[in-house]
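A, B, ... follow the sequence lines: proteins, then strands. Residue 1 opens every chain. Source: prediction; values computed, not measured. Atom set for the values below is all heavy atoms of this structure, side chains included, hydrogens, waters and symmetry mates excluded.
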Protein chains: 2
Amino acid sequence: MEAIIEKYKKSGVKLTPQRLAIIKFLEGNTSHPTADDIFKSIKKDYPTISFATVYNTLEMLKTNNGLVEVTINPERKHYDPNVETHHHAICKSCGLIVDIFTDFSKALGVVEDEVSGFVFSGNHINFYGRCGDCTSERDS
Amino acid sequence: MEAIIEKYKKSGVKLTPQRLAIIKFLEGNTSHPTADDIFKSIKKDYPTISFATVYNTLEMLKTNNGLVEVTINPERKHYDPNVETHHHAICKSCGLIVDIFTDFSKALGVVEDEVSGFVFSGNHINFYGRCGDCTSERDS
DNA sequence: TTCTAAGTTAAGAATGATTCTACTTAACGG
DNA sequence: CCGTTAAGTAGAATCATTCTTAACTTAGAA
């Protein structure tokens, strides 16, 4: 946490209590929250916080490589504090997003020769299916 | 084309000139158009067409498995008439989306054992990078 | 510790893609 | 050619996200 704070300070960013609360909420968070999830959570401690602040902070974190947008649900953006390459399992029934850390770099590398002209810098896999809860619910 | 028309007729949908124009525009189209792209294109022949018709038709096609939404750009949906499993190369500079038909099923299959409870039914890979045009443009 | 420049907050307006509504029009089986 | 019923249109509504502006903090400097 301390290290994170130092990192942002150095980039000329001011760390307000609201921002610290958002950073703390996100740190290690694997729930892939939306802006609204974050807003609701922070509002408990900072009742006057506005969406502008949430979006401003998310933008700042994105710029400083502290966050990535997860574009899975076309209705709203999800945010992921894990900026390392990883993949997602997505439940088509309830929308649950679970991280997958398997390394597929070897298998995916072959593509680099197959798409004319492209220079690749990253990849992301979505695995679609049905989560455990939704599977057992349907069975019952 | 004839086969496609028969398929939709059987499912109780009415094939209007507007719908046929949209189906024709999409058939074999690999440009991953947005609703606005489709609207603009169809408007040339049907100047009174409305967005409601475009969206209605896209919804109908989706329901009848004639189309998939491509959720890559959080600002707007793209549509892809190719409903078979395939992947996408995405230019981070200009937004170009190119299809990739390499089969990764063997390499990706291992995941099914690694995410507890999930039952998977499909997957999609996004390869991020820079397309040929944007690469040479930056170099020059 | 105090001052100050510059960045941040909050509220609400603005934007823009997509969806909905109400009503008119057209498709198509009989 | 009719009647039923889906589809078309225009415009309003929705909703996530972005923008605007004035008042307020932060953090480094004095």
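- One can place OH of A/Y55 at 15 Å from P of C/dA10, the figure rounded to the nearest angstrom.
- Looking at B/N56 and B/T53, their side chains never bring a donor and an acceptor atom within 3.5 Å of each other.
- Counting any heavy atom pair closer than 4.0 Å across all strands shown, B/T53 reaches a base atom.
- In the model, B/H88 has a side-chain atom that pairs as donor or acceptor with a side-chain atom of B/D80 under 3.5 Å.
- Using modelled atom types, one side-chain atom of A/S11 and one backbone atom of A/Y8 make a donor-acceptor pair closer than 3.5 Å.
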Stepwise salt bridge (Lys or Arg N to Asp or Glu O under 4.0 Å) check, A/K62 with A/E59: CA-CA 5 Å; A/K62 208 176 8 168; A/E59 184 61 34; 3.4 Å; yes
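- Across the protein-nucleic acid pair, B/K40 atom NZ and C/dA17 atom P stand 9 Å apart, rounded to whole Å.
- Clustering ILVMFWY residues whenever any of their side-chain heavy atoms sit less than 4.5 angstrom apart, transitively, puts B/V119 in a cluster other than the one holding A/I100.
- Between A/S31 and A/N29, the side chains place a donor N or O and an acceptor N or O closer than 3.5 Å (distance only, hydrogens not considered).
- Across the protein-nucleic acid pair, A/I22 atom CD1 and C/dT8 atom P stand 12 Å apart, rounded to whole Å.
- Protein atom CG of A/N56 is 10 Å distant from nucleotide atom P of C/dA10, rounded to whole Å.
- If you check the side chains of A/D99 and A/T30, you find no donor sitting under 3.5 Å from an acceptor.
- The nearest whole Å value for the distance from the CZ atom in A/R19 to the C1' atom in C/dA10 is 13 Å.
- Here A/S50 does not reach the OP1 or OP2 of C/dT9: none of its side-chain N or O atoms lies under 4.0 Å away.
- For A/P74, the side chain to side chain contact (heavy atoms under 4.5 Å, CB included) criterion is met by B/E69, B/T71, B/K77, not counting sequence neighbours.
- Heavy-atom nearest nucleotides on DNA chain D were determined for B/A52 and for A/R76, and the one closer to the 5' end corresponds to B/A52.
- Between the CG atom of B/L58 and the P atom of C/dT19 there is a distance of 9 Å, given to the nearest Å.
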Write down the protein N/O and nucleotide N/O pairs, taken from nucleotides 27-30 of chain C, whose separation is under 3.5 Å; answer none if there are no such pairs.
unit_1	atom_1	unit_2	atom_2	d
C/dA27	N3	B/K14	NZ	3.3
C/dC28	OP1	B/L15	N	3.4

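- Between the side chains of A/S105 and A/D103, at least one donor-acceptor pair of N or O atoms lies under 3.5 Å.
- Using a 4.0 Å cut-off, no side-chain N or O of B/K77 falls inside it from OP1 or OP2 of C/dG16.
- Taking the 5' to 3' direction, DNA chain D first and last meets chain B under 4.0 angstrom from a heavy atom at D/dT5 to D/dA10.
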